[in-house]
Undergrad: 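Below is one structure. I have some questions about it.
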There are 2 protein chains.
Amino acid sequence: MRATIKDIARLAGVSAQTVSNVVNDRPVVGEATRRRVLDVCRQLSYTPNAAARGLVTGSRKVIGLVVPHIGNPSYGDLIATLTRIAGAAGYSVVVGDTGWNAGPERELLRSLIRQSVDGVILASGNDASGLQALRDAGVPTVLVFNYFEGCDADVFRIDNLAAFRMVTRHLIGLGHRRIGFVRGLMSTVVKAREDGWRSALAEAGLEAGDELISASTFDQHGGHAAVTALLGLADRPTAVVCTSDIMACGAMDAAADLGLDVPRDLAVTGFDDIFVAGMRRVRLTTLRYDRARLAQQAFDRLLQVMAAPPGQSPGPRQSIALSCELVVRGSCGSPAGADPAATRIRTPKEVARP
Amino acid sequence: MRATIKDIARLAGVSAQTVSNVVNDRPVVGEATRRRVLDVCRQLSYTPNAAARGLVTGSRKVIGLVVPHIGNPSYGDLIATLTRIAGAAGYSVVVGDTGWNAGPERELLRSLIRQSVDGVILASGNDASGLQALRDAGVPTVLVFNYFEGCDADVFRIDNLAAFRMVTRHLIGLGHRRIGFVRGLMSTVVKAREDGWRSALAEAGLEAGDELISASTFDQHGGHAAVTALLGLADRPTAVVCTSDIMACGAMDAAADLGLDVPRDLAVTGFDDIFVAGMRRVRLTTLRYDRARLAQQAFDRLLQVMAAPPGQSPGPRQSIALSCELVVRGSCGSPAGADPAATRIRTPKEVARP
DNA sequence: TTGAAAGCGCTAACAG
DNA sequence: CTGTTAGCGCTTTCAA
């Protein structure tokens with residue numbers, strides 16, 4: 001059916017080895033032979049079989065990328081960027097969506113291992129079991145966004161604590177005293193964000209009671225449900241800090257559904273700065289980070305780890321916590337008459353912990 | 001490094017073939033042997049090498065999915081759904097993002113062919129060259145959304161003409177007489193949508209001049225640019241039909257940036273019904289279709305084609321044009337006092353053309 | 001500069 | 001029920 005190296009060899013009157021040399025641009029082939037072989041390749045539209053090649057070379061030139069929710073434009077952007085970067089380096093990307101669930105994640109990782117991917121960028125995972133499975137299989141892995149207690153892996157993440165302290169301080173500065181926290185499933189990431197929220201409240205002498213924390217799914221429906229609950233409190237919050245923009249979208253809708261105005265009756269903040277947040281109709285105050293940079297750093301490091309002799313990673317583990325910038329828009333009641341263009345406040349800078 | 005079937009065989013004191021039988025759940029193995037083998041597998045955390053298996057069985061259990069823009073939640077949803085469906089059938093999905101460009105698409109398809117994917121779902125492509133490449137390589141392919149003149153392939157698409165005629169009629173019914181058309185790159189899909197817009201105008205005796213058509217990129221920036229241009233016309237439109245929700249988002253912003261109110265000064269419609277369209281702040285009138293169904297149908301058909309003897313497809317080509325429903329929200333100036341909940345109008349029904 | 005032989009990890013087909 | 005043999009498409013020796 002599909003032409004193999006032998007077919008080409010036969011038709012070109014050379015050996016399979018010579019065809020291989022031509023196809024791989026090894027400069028040991030005579031010009032005449034070369035042209036003849038390439039001609040036949042084109043004629044049969046020959047494409048090397050990567051699986052067969054991988055079997056012998058030990059590298060498939062494929063990496064896996066596991067995310068929790070492709071429908072979130074934030075992850076969509078990450079995937080697009082990473083696909084581009086990896087493609088330029090000759091790697092294909094297998095993308096998996098876990099839907100924030102452990103079962104699919106486990107299956108996905110098993111599948112990636114079976115496929116002998118050269119490495120994995122893991123942007124999902126609620127516990128360290130997935131990472132452990134990859135490690136057992138000897139698959140180089142880099143974590144993005146998430147990380148686990150005491151895990152020995154390269155991590156490229158957000159400085160969640162600083163980011164959420166910053167946004168909470170911003171709300172406090174605007175006069176808010178009762179500030180809710182809207183989160184998805186618990187994880188180290190969410191924990192750090194909660195700690196950021198908590199620490200900002202603490203330093204202002206404000207209460208961070210458990211009733212101010214509302215947990216739900218990590219999408220717009222979750223944000224809606226969580227905020228509906230918070231607004232049902234007797235002493236309801238005047239502001240909510242959401243852990244993603246899509247949750248914040250749901251939060252704004254929840255307020256609207258109760259006849260409340262954002263920002264007058266409820267201030268809302270998000271995280272990710274997806275395109276929706278910047279819409280004139282939405283104007284969501286949120287936290288932004290450099291997704292392209294995160295992707296680039298993670299991939300560069302993965303290349304290093306993949307190049308290292310099996311078993312150990314090259315040099316010390318890298319653990320980068322990228323800082324965010326606060327993007328102030330209208331969803332928190334910016335002072336009247338202020339310039340409607342987004343005001344940006346940067347945190348100190350990137351923090352590297354070796 | 002990674003355990004192979006031979007390692008297992010040696011440690012369990014059986015032949016490789018027996019290990020293979022155990023791993024593949026073939027019921028020809030004694031219970032005692034079975035347990036012993038499985039034990040060793042677990043101990044070495046053995047995972048079969050899919051590439052090696054694929055080499056001999058001829059099937060990798062992988063399909064490719066090519067989309068033009070992962071960052072668009074509409075495609076994100078499609079990917080997530082398809083990943084789930086395919087996973088349930090034992091297939092992994094390799095996702096590629098072309099960014100609407102021919103170069104990346106070509107590269108992506110070459111990569112998929114090299115990887116010997118069992119089949120491809122092509123939701124991208126501006127011309128038939130990609131499809132041709134897949135055909136030359138003997139890779140079963142199903143088209144989703146897009147299609148090409150006279151192409152002999154299974155297609156699962158939207159009835160674009162009917163959909164855009166419907167939405168344009170809706171605007172005409174609301175009293176609009178000058179209606180712009182905002183599109184991305186030209187393609188058969190966009191052409192059909194334009195024809196829908198044009199035919200609705202024609203039947204109302206309205207003008208469909210070229211100056212009312214504004215082309216740009218298929219994202220929010222494109223929508224912004226295109227509508228900014230339309231609003232710069234001396235005799236500017238009072239409504240714009242956009243070919244995607246994210247373009248419509250940009251369109252709404254463009255109006256706002258010029259100090260115009262949607263819907264009072266400009267009516268805007270989209271396509272896809274992504275979650276943003278339903279937000280209370282946005283309330284975008286748009287066209288909805290059943291993404292999950294589209295994905296399911298396309299995958300089912302791909303399975304059929306993959307199961308068929310190489311070369312021909314099983315039975316006649318399928319060409320399904322799924323109809324849309326109009327989701328009326330606030331972006332076109334729904335009559336005052338109307339129920340703010342979305343009103344839905346269904347088109348006749350699904351049209352199948354064999 | 002080219003060819004022949006061996007083998008990557010696995011399964012199909014047969015033999016025992 | 002289990003083991004042996006052969007070979008998938010390719011690259012890596014090594015020899016000519």
Side-chain angles (χ1 to χ4, degrees), chain A residues 1-38 40-41 44-62 111 113-118 137-139 310, chain B residues 1-38 40-41 44-62 90 113-118 137-139 310:
Chain A
M1 168 85 249
R2 185 167 141 198
T4 75
I5 205 172
K6 283 184 187 168
D7 300 327
I8 308 296
R10 192 160 22 77
L11 283 178
V14 296
S15 75
Q17 175 52 27
T18 300
V19 177
S20 172
N21 285 140
V22 170
V23 169
N24 292 288
D25 269 333
R26 270 184 281 259
V28 291
V29 188
E31 186 53 25
T33 327
R34 210 182 107 78
R35 300 184 69 85
R36 192 147 35 91
V37 170
L38 284 179
V40 179
C41 285
L44 304 195
S45 63
Y46 168 73
T47 318
N49 182 323
R53 178 182 286 174
L55 201 54
V56 41
T57 62
S59 165
R60 299 265 335 271
K61 288 296 204 173
V62 171
S111 162
I113 293 168
R114 266 197 301 271
Q115 289 182 59
S116 312
V117 295
D118 298 311
V139 180
Chain B
M1 170 85 246
R2 185 167 142 198
T4 76
I5 205 172
K6 283 185 187 168
D7 298 329
I8 308 294
R10 192 159 22 78
L11 284 178
V14 297
S15 75
Q17 177 54 25
T18 300
V19 177
S20 172
N21 286 141
V22 171
V23 170
N24 292 288
D25 270 333
R26 270 183 281 258
V28 291
V29 188
E31 187 52 25
T33 327
R34 210 182 107 76
R35 300 184 69 85
R36 194 148 33 90
V37 169
L38 283 180
V40 180
C41 285
L44 304 195
S45 64
Y46 168 73
T47 318
N49 183 325
R53 178 183 287 173
L55 202 53
V56 40
T57 61
S59 166
R60 299 262 338 269
K61 289 295 205 175
V62 172
I113 293 168
R114 267 197 302 270
Q115 289 182 60
S116 313
V117 295
D118 298 312
V139 179

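Worth knowing before you read on, the calculation uses all heavy atoms, side chains too, and leaves out hydrogens, waters and symmetry mates. Lettering follows sequence order; numbering is per chain, from 1.
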Undergrad: Return the set of residues passing side-chain contact (heavy atoms from CB on, under 4.5 Å) with A:T4 (not counting sequence neighbours), or none when no residue passes.
TA: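 A:K6, A:D7.
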Undergrad: Looking at B:I113, is its backbone amide N or carbonyl O close enough to the side chain of A:R2 to form a donor-acceptor pair, meaning the two atoms are under 3.5 Å apart?
TA: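 Confirmed, A:R2 side chain pairs with B:I113 backbone.
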Undergrad: Check whether A:R60 reaches the backbone of A:V117 with its side chain - one donor and one acceptor, N or O, closer than 3.5 Å.
TA: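 Here the side-chain-to-backbone pair does not exist.
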Undergrad: I'd like a table of donor-acceptor pairs (distance under 3.5 Å, sequence neighbours excluded) in which one partner is a side-chain atom from residues 27-34 of chain B, with atom names and distances.
TA:
none

Undergrad: Using five pairs at either end of the helix from C:dT1-D:dA16 to C:dG16-D:dC1, determine the angle between the two local helix axes and round it to 10 degrees.
TA: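 About 40° separates the two local helix axes.
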Undergrad: Is the shortest heavy-atom distance from the side chain of B:S20 to the side chain of B:I5 under 4.5 Å?
TA: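 Answer yes - side chains close enough.
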Undergrad: Please name the pair of heavy atoms, one in A:S15 and one in A:A9, separated by the smallest distance, quoted to 0.1 Å.
TA: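 Taking A:S15 first and A:A9 second, the nearest heavy atoms are C-CB, 3.7 Å.
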Undergrad: Does B:N24 reach the side chain of B:R53, with side-chain heavy atoms less than 4.5 Å apart?
TA: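 Yes. Closest side-chain heavy atoms under 4.5 Å.
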Undergrad: Please list each protein N or O that sits under 3.5 Å from an N or O in nucleotides 9-11 of chain D, with the distance.
TA:
unit_1	atom_1	unit_2	atom_2	d
D:dG9	N2	A:A52	O	3.3
D:dC10	OP1	A:Y46	OH	2.7
D:dC10	OP1	A:N49	N	3.1
D:dC10	OP2	A:I5	N	2.4
D:dT11	OP1	A:N24	ND2	3.1
D:dT11	OP1	A:R53	NE	2.7
D:dT11	OP1	A:R53	NH2	3.1
D:dT11	OP2	A:S20	OG	2.8

Undergrad: What is the distance from atom CD of A:Q115 to atom CG of B:N49, rounded to the nearest 0.5 Å?
TA: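 It is 10.5 Å, given to the nearest 0.5 Å.
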Undergrad: OP1 or OP2 of C:dG3 sitting under 4.0 Å from any side-chain N/O of A:T18?
TA: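 Yes, A:T18 has a side-chain N/O under 4.0 Å of OP1/OP2 on C:dG3.
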Undergrad: Please list, pair by pair, any protein nitrogen or oxygen found under 3.5 Å from a nitrogen or oxygen in nucleotides 14-16 of chain C.
TA:
none

Undergrad: Round to a whole Å and report the spacing from CZ of A:R10 to P of C:dG3.
TA: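 Rounded to whole Å, this separation is 15 Å.
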Undergrad: If you look at every strand shown and take non-hydrogen atoms under 4.0 Å, does B:V28 touch a base, only sugar-phosphate, or nothing?
TA: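 B:V28: base contact, heavy atoms under 4.0 Å.
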Undergrad: Do B:L11 and B:L44 come close enough that some side-chain heavy atom pair is under 4.5 Å?
TA: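 B:L11 reaches B:L44 side chain to side chain.
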Undergrad: Take atom CZ of B:R35 and atom C1' of D:dT2, then tell me their distance rounded to the nearest Å.
TA: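 These atoms are roughly 19 Å apart.
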Undergrad: Just jot down the side-chain contact (heavy atoms from CB on, under 4.5 Å) partners of B:S45, sequence neighbours excluded, or say none.
TA: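 In terms of side-chain contact (heavy atoms from CB on, under 4.5 Å), with neighbours along the sequence ignored, B:S45 is linked to A:D136.
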